Amino acid sequence: MLEGERLKWLRNSQSKLRVSKYNNLNQDGDESQTDGSPTRKRVILPSSYVGSRRFMHQLYYDGMAICSKVGFPDLFITFTCNPNWPEIQRASTPLNWKAHDRPGIIVRVFKMKFDSLLSDVTKKGVLGKVLAYMYTIKFQKRGLPYAHILIFLHPSNKYPEPSDIDKIISGEVPDPMKQPRLDNLVKAHMVHGPCGLANPKCPCMKNGKCTKFYPKKFQDVTIVDQGGYPIYRRRDNGHKINMSGIQLHNGHVVPHNLSILMKYEAHINMEWCNQSTSIKYLFKYINKGSDRISVVIVPNDSISVDNVDKIKQ
């Protein structure tokens, strides 16, 4: 209903939007639209409408402008909501609710945690001095919000050598004797699987193989392969994780930052970015549109081929 009201206002307020002043209306890159002429009526969907074509283009241009100014991003962080956070459980447990019964509480708590994480990274400099950042918040199919964050570090705080990556990114199981709390957090949030032959019905399995390429091979030191992607240190130190009766090792651990994981107690995947091939993959998240669409059925006589109506489109 809210979307319908906004679209209705935009349709009836075309003069306020100064549609006649829009440039390059005929060269907006949409080959599927009917060519317009000055005598036909135009209904324009402006960039202020979230999710519109102009809105997405604007985000893309902003992202590329930042990239051209400060260089390629250095870190890619995925922060996922944890429905077992005490703030969520405190509000839902007394009433015998599940976390998914209260989506309002979930998104509010996630936003507060996300703002805190963003402040730690960009203002307090827990990963180094930050020149720029950008993020997008999306929702998983099961309803939990998550954020993709791109971090552009100052040249004096980059991690140029593979050995430097180990200072902020870990792909191993902590020692359960020395760091029991951290060990439990890694087991709860940062383990992929079990998949493969032990669990062929795992969602990540396709044609008998894990689409995420787990388990990873053991690696004594962090290296960067020929494609520019890091292969994190995963030593065969004998540390194991028991998941559903299956013993998992360091090859099943998702890369993460230990201090951030300790503070936020959620799935927080951190990846080091190379400066050549990963940029397109990263910006794909910034530019992707909605996964769902709305469908409306209207009489044929209400659609005019001569008019260009971007709201209907």
Side-chain angles (χ1 to χ4, degrees), residues 75-85 99 110 113 117 138-150 162 165-166 168-176 179-225 227-274 278 281-282 284-285:
L75 296 174
F76 179 34
I77 303 173
T78 302
F79 177 43
T80 305
C81 175
N82 176 15
N84 294 319
W85 275 328
F110 173 78
K113 299 267 188 182
L117 172 64
K138 302 167 63 181
F139 286 84
Q140 294 177 332
K141 291 182 179 180
R142 57 180 175 154
L144 291 177
Y146 67 104
H148 291 299
I149 312 171
L150 291 174
I165 300 174
D166 296 331
I168 59 168
I169 299 178
S170 171
E172 297 180 327
V173 181
D175 189 337
Q179 299 171 302
R181 179 168 177 259
L182 193 57
D183 179 61
N184 290 330
L185 288 174
V186 170
K187 289 179 180 178
H189 303 295
M190 304 308 304
V191 176
H192 178 86
C195 61
L197 296 177
N199 185 16
K201 295 183 179 180
C202 187
C204 66
M205 295 295 291
K206 187 175 182 180
N207 297 328
K209 296 182 180 180
C210 176
T211 56
K212 309 299 181 184
F213 305 106
Y214 281 89
K216 306 291 187 181
K217 295 181 179 179
F218 288 119
Q219 188 78 25
D220 291 331
V221 294
T222 300
I223 62 172
V224 178
D225 64 13
Y229 293 96
I231 301 176
Y232 301 105
R233 181 179 66 186
R234 287 185 167 90
R235 294 167 291 190
D236 189 5
N237 51 18
H239 294 165
K240 300 287 186 179
I241 298 174
N242 190 336
M243 299 283 290
S244 304
I246 300 172
Q247 295 292 326
L248 305 181
H249 50 72
N250 286 340
H252 294 86
V253 177
V254 179
H256 58 278
N257 179 274
L258 296 176
S259 60
I260 292 179
L261 177 63
M262 283 279 285
K263 181 173 182 179
Y264 293 99
E265 299 184 356
H267 177 85
I268 308 176
N269 175 217
M270 182 180 294
E271 299 280 354
W272 179 84
C273 303
N274 67 312
S278 68
Y281 172 80
L282 296 176
K284 177 184 73 171
Y285 284 108

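Everything numeric in this text was worked out from a predicted model, so none of it was measured.
Here Glu265 pairs with Arg181 in a salt bridge; the nearest charged N to carboxylate O distance falls below 4.0 Å.
Contact detail for Thr80 and Phe110: the closest heavy-atom pair is C-CE1, 4.3 Å. Scanning all heavy atoms of the two residues, the minimum distance from Pro83 to Leu144 falls at CD-CD1, 3.8 Å. Closest non-hydrogen pair, Ser259 versus Asn257, comes out as OG-OD1, 2.7 Å. Nearest heavy-atom pair, Met205 versus Gly196, reported as atom, atom and distance to 0.1 Å: SD-N, 3.3 Å.
Contacts of Gln219 classified as side-chain hydrogen bond (donor to acceptor under 3.5 Å, both in side chains), with partners at least two apart in sequence or in another chain: none. In this view, Asn82 satisfies the side-chain hydrogen bond (donor to acceptor under 3.5 Å, both in side chains) rule with no residue, not counting sequence neighbours.
Arg233 contributes atom CZ, which lies 13.5 Å from atom CD1 of Ile223 (distance to the nearest 0.5 angstrom). Note that CD of Glu271 and CD1 of Ile77 are 10.5 Å apart. Values are rounded to the nearest 0.5 Å. Here His256 contributes atom NE2 and Ile169 contributes atom CD1; the two are 10.0 Å apart, rounded to the nearest 0.5 Å. The distance from atom CG of Leu150 to atom CZ of Phe76, rounded to the nearest 0.5 Å, is 6.0 Å. Here the CE atom belonging to Met270 is positioned 10.0 Å from the CG atom belonging to Leu261, to the nearest 0.5 angstrom. Rounding to the nearest 0.5 Å places CG of Asp236 at 7.5 Å from CG of Asn250.
Proximity of Tyr214 to Val254: side-chain heavy atoms (C-beta onward) are separated by under 4.5 Å at one or more points. No side-chain heavy atom of Val221 sits under 4.5 Å from any side-chain heavy atom of Pro162. You'll find the side chain of Asp183 stays beyond 4.5 Å of the side chain of Asp175, heavy atoms only. With a 4.5 Å cut-off on side-chain heavy atoms, Pro145 and Lys138 do not count as touching.
Without hydrogens or angle criteria, Asn269 side chain to Pro255 main chain gives a donor-acceptor distance under 3.5 Å. Looking at His267, its side chain does come within 3.5 Å of a backbone N or O of His189 through a donor-acceptor pair.
By the neighbour-count criterion of 12 heavy atoms within 6.0 Å, atom NZ of Lys240 is densely surrounded, having more than that number from other residues, nucleotides or ligands. Heavy atoms of other residues, nucleotides or ligands lying less than 6.0 angstrom from CG of Asp225 number more than 12.
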Show, in sequence, the C-alpha distance, side-chain angles and deciding distance for Ser170 and Met190, and conclude whether the side-chain contact (heavy atoms from CB on, under 4.5 Å) test is met. CA-CA 10 Å; Ser170 171; Met190 304 308 304; over 6 Å; no

Assess whether side-chain contact (heavy atoms from CB on, under 4.5 Å) is satisfied between Tyr232 and Val253, documenting all intermediate values. CA-CA 10 Å; Tyr232 301 105; Val253 177; over 6 Å; no

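Relative ring orientation between Phe79 and Trp85 is described as tilted, the plane-to-plane angle lying within the 30° to 60° band. Classified by interplanar angle (parallel below 30°, tilted 30° to 60°, perpendicular above 60°), the ring pair His249/Phe218 is tilted.
A side-chain hydrogen bond (donor to acceptor under 3.5 Å, both in side chains) with Glu172 is found for exactly one of Arg234, His239, Arg235, namely Arg235.
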